[in-house]
2 protein chains.
Amino acid sequence: MKKTRVTIKDIARELKISASTVSRALQDHPALKKETKEAVKTLAEKWNYQPNSMALNLLRQTSTTIAVIVPDITSHFFSAAVTGIQDIFVSSEYNIMICISNESYEEEALIIENLSKVQIAGVLVAPASTTLDFGHFRKLQKNDIPLIIFDRDCEGFEAHKVLVDDYSGAFEAVEYLIKSGCRKIAHITGASNLSTNNHRLQGYIDALKNNNIPILEEHIIQASGFTHEDGIQPTELLLRSNNIPDAIFAVNDRLAVSAMRTAKKLKFRIPEDIAIIGFDDEPHSSYFTPALSTVWQPVYSMGMLSARILLHEIEKEEESKEFRHEVFKTELVIRGTSKRIQGDF
Amino acid sequence: MKKTRVTIKDIARELKISASTVSRALQDHPALKKETKEAVKTLAEKWNYQPNSMALNLLRQTSTTIAVIVPDITSHFFSAAVTGIQDIFVSSEYNIMICISNESYEEEALIIENLSKVQIAGVLVAPASTTLDFGHFRKLQKNDIPLIIFDRDCEGFEAHKVLVDDYSGAFEAVEYLIKSGCRKIAHITGASNLSTNNHRLQGYIDALKNNNIPILEEHIIQASGFTHEDGIQPTELLLRSNNIPDAIFAVNDRLAVSAMRTAKKLKFRIPEDIAIIGFDDEPHSSYFTPALSTVWQPVYSMGMLSARILLHEIEKEEESKEFRHEVFKTELVIRGTSKRIQGDF
DNA sequence: AATCTCTATGCAAACGTTTGCACGGATATG
DNA sequence: CATATCCGTGCAAACGTTTGCATAGAGATT
């Protein structure tokens, strides 16, 4: 750790000119004469001069670091979103810093606490499932740090938001199940304070209502988490009850996959005995047998748009109190775990 | 963007003392008297003073940013590795910056080029599959920026390395297939300049040799990429040849899953007609039917160890030219896509 | 020869922080 | 009463960069 990078002063000393002249030469300042500029540029090139970004940021009172806070990065959903974000910032002067909240409000608050010690240009956050209080987000806003909420809504909290229309995604999926002949459709839902889960649940309920199918409490089961393992017990509960459903709409693909395997183990035929639709369209979902029907979300685009909005927010001059609110549409992807609709091909 | 954070000078002005005294008070300097310290601390607390990290880094000529360069973040492998890395740095003063090379040497080199414009404390990199020249890594070393190579070896390039014993992982897998009665074992391999692929290929070859099974060129097929789609064609080639194998060892789980589906489509029974073993043990692999047999890698631990080594490298005082070379062992996970060994339960 | 106008460059301050050194005042020692 | 010792604090430099202002020198105009 003794690296002594080439500075403007080194170049100035070598050329026997002042640091200001070097600085101006590198910026092609019109007042300088050609020979000076060239001499400086040549030496800077030769010595591989790199401006010290910290000195600059200190002077300008700015930062080129963007923080991205996600609950988890091993799920395809968030890693794809992060990729979208990255792809926008990679061609900008900004660098992204990834922070993982592990779906924990405490960790999320701690991350923001630590972030405030560092200079940060803006924050993109997909809130943890346990986040009910938004004080930490408000603090950022109070400090004039641009904030974008993505994927998961924080109801009652005003900010720029980039979301997915989970409600209609779920509605369409359930409506499809009904049209394909299912009448006893169960739903495996997730943590009840997540906007995404709630909107999907509401979409499920409204689709049933819309078709005059009674909503049965026993057919709405909450999984204790997002992973495959968390789908086993709810499915067993449903398929061993005395009111066995003929379809399961799961709040995500992992739970759907788990439901699939559990159903198979219990000798149910898919989709004849039990149809299954998931949510997310993870890359491997189409490789199961039968291939999983699911709801695709434009997650990469969502990441990109969030990043673009943040970028604009950071660089804009005028002060506006308007918050953007973008909602992406989903797409129903029908594969083998759901029955065909009569005359649908 | 007009935030004016509280500085040491603000506190000094308010308390009518010098900035140096404030600085010392906050550090509990023994020369200061109690009342001064307390007055400063109280006001700092009240005004929510946060030291400006850029000023500090500038003064100290250091940085608290670590760069992590991975080929891709949507694969479970790298996202888990990044999570391990993150979990080490989260409790340190360092922040990690994620950069994605998209498996491209050019992008990787560009990232390092851009990184050198920013102050960076150290770099963790899993090289892109197309990286054959290591000049960009050497440049980092020349600038005394600690570098750790993980997962993928750069043969002929000296650096700290944290790898997985791909060779014996593959050897064990193929040996298992042989013991379970397979004699015509094919291998779907990947990009030929990736150390991981090569070591797995070599493990495959040596396991066959070790059992006096001839190595057939036609049974070694290179997939054109890492995704599910890339596994279809190689499998079809194998299963439609006039020397159909009785087992496929795929270089990763995605290709294995794809081989599975393709084999099923072609009416092969798994594992009776064709056994399949993958590599990675992705979370969903056990949810296929039959569940995928595979080779598990301690990827999270690998991430953590890489991070620890980097941390040590950054903070160490003495200059040593020794490079660490850590190799993790894999574990064979036998599930349903491979036959049982006689008397093995 | 005195003044004016350019042109090219340097000076110094600023960003926020730390720290070696110096200094003023109080107390203790001779 | 003079000197030594100590305590608490401030000054100024340093990190690397930019930029408004000043200025030196040259040439042009009177």
Side-chain angles (χ1 to χ4, degrees), chain A residues 1-41 43-44 47-65 93 116-121 143, chain B residues 1-41 43-44 47-65 93 116-121 143:
Chain A
M1 294 276 0
K2 36 86 200 274
K3 67 178 152 165
T4 31
R5 309 222 305 178
V6 180
T7 72
I8 267 192
K9 290 185 186 177
D10 298 327
I11 298 181
R13 202 175 310 121
E14 174 79 7
L15 260 36
K16 301 197 200 316
I17 53 179
S18 77
S20 6
T21 306
V22 176
S23 170
R24 278 188 266 252
L26 294 169
Q27 296 171 88
D28 248 332
H29 195 285
L32 297 206
K33 70 176 173 203
K34 243 187 282 168
E35 303 91 73
T36 319
K37 288 193 205 173
E38 269 164 26
V40 170
K41 284 183 184 170
L43 189 61
W47 282 0
N48 187 31
Y49 164 75
Q50 298 287 3
N52 185 313
S53 57
M54 286 192 301
L56 244 181
N57 284 332
L58 177 60
L59 184 67
R60 301 221 189 291
Q61 301 266 68
T62 59
S63 159
T64 53
T65 305
E93 57 183 325
S116 71
K117 297 196 173 76
V118 187
Q119 268 51 38
I120 284 283
N143 292 340
Chain B
M1 294 279 1
K2 35 84 200 279
K3 65 178 156 167
T4 32
R5 308 224 304 179
V6 180
T7 74
I8 266 191
K9 291 185 184 175
D10 297 327
I11 297 181
R13 201 175 310 120
E14 174 79 6
L15 260 37
K16 301 199 200 317
I17 54 179
S18 77
S20 7
T21 305
V22 175
S23 170
R24 277 188 267 253
L26 294 169
Q27 296 171 88
D28 247 334
H29 195 286
L32 296 206
K33 70 176 173 204
K34 241 186 286 166
E35 302 91 74
T36 320
K37 288 193 206 173
E38 270 164 25
V40 170
K41 285 182 185 170
L43 189 61
W47 282 2
N48 188 31
Y49 165 74
Q50 298 286 2
N52 184 313
S53 58
M54 287 192 299
L56 244 179
N57 284 331
L58 177 60
L59 184 68
R60 300 220 191 292
Q61 301 267 68
T62 58
S63 159
T64 52
T65 305
E93 56 182 326
S116 70
K117 296 197 174 76
V118 186
Q119 268 50 39
I120 282 285
N143 291 339

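The figures here come from the full heavy-atom set of this structure, side chains too, leaving out hydrogens, waters and symmetry mates. Each chain gets a letter, A, B and so on, in the order its sequence line appears, and its residues count up from 1. Note that the structure is a prediction, hence the values are computed from the model and not measured.
Annotation: side chain of B:Thr65 is not in contact with side chain of B:Val118 (no heavy-atom distance under 4.5 Å). Side-chain contact between A:Glu38 and A:Lys34 is present, with at least one heavy-atom pair separated by less than 4.5 Å. In this structure, the side chains of A:Lys33 and A:Thr36 come closer than 4.5 Å at one or more pairs of heavy atoms. Counting heavy atoms from C-beta outward, B:Tyr49 and B:Leu26 have side chains that approach closer than 4.5 Å. Here the side chains of B:Val6 and B:Gln50 are not in contact, with every heavy-atom distance at 4.5 Å or above. Inter-residue side-chain proximity for B:Asp28 and B:Lys37 is flagged as met; some heavy-atom pair is nearer than 4.5 Å. Taking the side chain as every heavy atom from C-beta outward, A:Thr21 and A:Val40 never approach each other to under 4.5 Å.
For the pair B:Leu32 CG and C:dT19 C1', the interatomic distance rounds to 12 Å; values are reported in whole Å.
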Distances for protein N or O near nucleotides 4-7 of chain D N or O, under 3.5 Å:
none

With 3.5 Å as the limit, what N/O pairs link the protein to nucleotides 14-16 of chain D?
| residue | atom | partner | partner atom | Å |
| --- | --- | --- | --- | --- |
| D:dC15 | O3' | B:Gln61 | OE1 | 3.2 |
| D:dC15 | O3' | B:Gln61 | NE2 | 3.4 |
| D:dC15 | O2 | B:Leu59 | N | 3.3 |
| D:dG16 | OP1 | B:Gln61 | NE2 | 3.2 |
| D:dG16 | N2 | A:Ala55 | O | 3.3 |

Assess the residue pair B:Ser53 and A:Gln119 against the criterion (side chain to side chain contact (heavy atoms under 4.5 Å, CB included)); give the C-alpha distance rounded to whole Å, side-chain angles, the decisive distance to 0.1 Å, and a yes or no.
CA-CA 7 Å; B:Ser53 58; A:Gln119 268 51 38; 3.1 Å; yes
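Under the 4.0 Å criterion applied to side-chain N and carboxylate O atoms, A:Asp10 and A:Arg5 are not assigned as salt-bridge partners.
Shown for residues 17-30 of chain B: residues whose heavy atoms fall under 4.0 angstrom of DNA chain D, namely B:Ile17, B:Ser18, B:Ser20, B:Thr21, B:Arg24.
Note that OG of A:Ser23 and CD1 of A:Ile8 are 4.5 Å apart. Values are rounded to the nearest 0.5 Å.
Contact check, B:Thr36 against D:dT9: a side-chain N or O comes under 4.0 Å of OP1 or OP2.
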